[in-house]
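These notes are about the structure you will find just below.
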2 protein chains.
Amino acid sequence: MQKTARKYRSVVGPPGRPREFDMDTALDRAVRVFCERGYHATSISDLTVAMRLATGSVYKAFRDKHAVFLAAFERYAALRQEQTRSAAAQGANGRERLRNVLLSYVEHSQGTEGRRGCLVVGSAVELSAVDPVVAALVSARLETNEGFIAGLIREGQADGSIPRHVAADDTARLMICITQGLRVVGKARLSLDGKRLVAVAMKLLA
Amino acid sequence: MQKTARKYRSVVGPPGRPREFDMDTALDRAVRVFCERGYHATSISDLTVAMRLATGSVYKAFRDKHAVFLAAFERYAALRQEQTRSAAAQGANGRERLRNVLLSYVEHSQGTEGRRGCLVVGSAVELSAVDPVVAALVSARLETNEGFIAGLIREGQADGSIPRHVAADDTARLMICITQGLRVVGKARLSLDGKRLVAVAMKLLA
DNA sequence: GATAATAGGGAATGGTTGTTTCCGAATAAA
DNA sequence: TTTATTCGGAAACAACCATTCCCTATTATC
């Protein structure tokens with residue numbers, strides 16, 4: 001149950017590889033593989049190739065494949081959260097911040113990244129039913145995002161850009177469905193017109 | 001490329017097992033397994049147990065695991081389509097038919113079935129990127145559903161229950177995102193209040 | 001009733017997987 | 001230099017996978 005070491009170079013140690021080596025970089029590469037192939041279809045061999053680490057090195061850094069996945073999941077979630085927050089930050093009021101969040105989701109659901117897929121959605125679909133640990137992580141992520149969106153709605157109501165009668169919690173939950181659905185539809189390569197789609201979605205704030 | 005035999009008792013044949021045996025029943029059981037475990041995590045052994053067939057029997061009915069999956073997918077899609085259409089049929093006008101469809105989706109995304117998951121969503125997430133055949137089936141299914149929803153919107157506009165200014169195609173695409181997203185959220189065990197969620201979603205038709 | 005044909009059952013097969021262990025090479029601190 | 005440390009990579013392992021093969025049981029036809 002050792003916590004997965006984020007700092008890779010040991011503090012006391014004097015060892016092996018001087019090359020600036022960052023576990024986060026390796027994890028980013030693991031994220032890509034897990035995103036496009038999912039958990040079960042990704043072999044240790046796939047991981048070592050992607051992460052550019054030898055088998056032994058992977059098992060020295062992580063207890064097993066599952067631990068690699070959890071670390072990759074948390075890294076992915078942190079990255080996406082940061083992207084979403086900074087997209088929101090561009091907006092002048094609650095309504096615009098929310099629009100920016102939705103637009104950001106549409107963009108991330110398209111093209112290369114859209115085809116690669118979202119690790120949260122992938123984990124929910126592939127593992128939630130059989131892996132309680134992953135299920136808890138996924139639920140926590142969705143609830144955080146939902147809370148963030150509900151917060152933006154309330155901000156908008158406070159600054160006057162969103163009507164008071166909008167039900168913040170229900171609307172936020174529906175918007176979570178939209179964002180997760182976007183990632184599913186994006187995987188199916190259906191084209192997504194951000195401007196038009198978001199324009200329709202903003203009617204939920206009327 | 002032989003088409004998967006739906007009628008199981010051979011026409012000419014005289015063989016083995018007289019017991020009334022229906023491949024569709026076996027496929028329904030395969031659907032359940034594929035839904036909750038996904039493709040890669042489902043072994044032939046899992047399938048034989050679920051379908052109550054011996055290994056050899058499965059391979060006599062289907063070329064390989066992939067063929068079982070495709071047959072299960074089509075059976076699932078046909079069943080869900082029928083359920084959705086019949087939910088819509090209850091409505092008196094376009095608007096009510098659409099509400100019924102959304103309500104039906106929320107209900108199917110909850111409880112046991114919600115936790116089991118949707119095979120279309122699961123296939124999109126797990127296989128679309130690596131399996132062109134499945135990808136095509138998934139896209140076709142999404143497009144059919146989107147077309148159905150767009151049709152309901154236009155029906156509503158014709159019968160006066162939905163305003164003319166609603167953009168049918170864009171709204172339909174967003175609603176597809178909602179329905180697929182519901183299945184993702186349902187897997188994560190978040191509670192879904194059908195009435196309230198659908199009430200919010202119906203604002204898209206304002 | 002005898003025969004032929006065939007579905008189902010299930011053991012056997014060959015390949016791959018995740019995991020662990022080993023040791024040599026490389027490196028930085030003592 | 002010595003020592004401690006860690007990465008690399010091959011090798012080994014048991015478990016499991018999808019698939020094949022053969023046998024049995026059964027029935028339609030003769």
Side-chain angles (χ1 to χ4, degrees), chain A residues 2 4-27 29-30 33-34 37-72 126-127 130-131 134, chain B residues 2 4-27 29-30 33-34 37-72 126-127 130-131 134:
Chain A
Q2 84 213 2
T4 43
R6 305 301 294 259
K7 293 302 173 193
Y8 207 52
R9 312 286 304 276
S10 80
V11 180
V12 183
R17 252 292 194 69
R19 140 158 85 96
E20 260 322 307
F21 188 80
D22 192 1
M23 179 53 68
D24 285 340
T25 305
L27 272 182
R29 298 197 257 249
V33 184
F34 278 130
R37 296 211 248 257
Y39 179 78
H40 290 288
T42 300
S43 70
I44 297 287
S45 167
D46 292 333
L47 283 174
T48 57
V49 170
M51 298 171 85
R52 296 175 209 176
L53 260 68
T55 333
S57 309
V58 171
Y59 275 90
K60 248 155 213 153
F62 302 95
R63 189 163 14 83
D64 52 19
K65 180 183 165 183
H66 194 253
V68 182
F69 183 82
L70 293 182
E126 193 187 0
L127 298 174
V130 290
D131 186 331
V134 173
Chain B
Q2 86 213 1
T4 44
R6 307 301 293 258
K7 294 302 173 195
Y8 206 52
R9 311 287 304 278
S10 80
V11 181
V12 184
R17 251 294 191 70
R19 140 160 85 96
E20 262 321 306
F21 188 79
D22 191 1
M23 179 53 67
D24 284 341
T25 305
L27 270 182
R29 297 197 258 250
V33 184
F34 278 130
R37 296 211 246 256
Y39 180 78
H40 289 289
T42 300
S43 69
I44 296 289
S45 167
D46 293 332
L47 284 174
T48 58
V49 171
M51 298 171 85
R52 295 174 210 176
L53 284 167
T55 331
S57 308
V58 170
Y59 276 88
K60 248 162 210 142
F62 302 95
R63 189 164 10 84
D64 53 18
K65 181 183 165 184
H66 194 253
V68 182
F69 183 82
L70 293 182
E126 193 187 359
L127 297 174
V130 290
D131 187 331
V134 173

Please report the distance, rounded to the nearest Å, between [atom1] in [X] and [atom2] in [N].
| X | N | atom1 | atom2 | value |
| --- | --- | --- | --- | --- |
| K60(B) | dT19(D) | NZ | C1' | 13 Å |
| H40(A) | dC17(D) | NE2 | P | 11 Å |
| D46(A) | dT16(C) | CG | C1' | 12 Å |
| Y39(A) | dT17(C) | OH | P | 14 Å |
| F62(A) | dG18(C) | CZ | C1' | 16 Å |
| L53(A) | dG18(C) | CG | P | 16 Å |
| L47(A) | dT17(C) | CG | C1' | 13 Å |
| H66(A) | dG18(C) | NE2 | P | 14 Å |

- Axis bend over the full length of the helix from dG1(C)-dC30(D) to dA30(C)-dT1(D), computed from five pairs that close each end, to 10 degrees: 0°

Which nucleotide in [options] has an atom nearest any side-chain atom of [X]:
| X | options | result |
| --- | --- | --- |
| Y59(B) | dG18(C), dG10(C), dT20(D) | dT20(D) |
| T55(B) | dG9(C), dG10(C), dT19(C) | dG10(C) |
| S57(B) | dG9(D), dG9(C), dT17(C) | dG9(C) |
| D64(A) | dC23(C), dG10(C), dT19(C) | dT19(C) |

- Message: Tell me whether the rings of F34(B) and Y39(B) are parallel (<30°), tilted (30 to 60°) or perpendicular (>60°).
- Response: parallel

- Message: Looking at K65(A) and dG18(C), is any side-chain donor or acceptor paired with a base atom of the opposite kind under 3.5 Å?
- Response: no

What is the minimum heavy-atom distance between [X] and [Y], and which atoms define it?
| X | Y | result |
| --- | --- | --- |
| H40(A) | H40(B) | CB-CB, 3.8 Å |
| G38(A) | E126(A) | CA-OE1, 3.4 Å |
| A50(B) | R29(B) | O-CD, 2.9 Å |
| A26(A) | M51(A) | O-CG, 3.5 Å |
| K65(A) | T42(A) | NZ-O, 2.7 Å |
| L47(A) | A30(A) | CD2-CB, 4.0 Å |

- Using a cut-off of 4.0 Å on non-hydrogen atoms, how would the nucleic acid contact of T42(A) be classed: base, sugar-phosphate, or nothing? sugar-phosphate

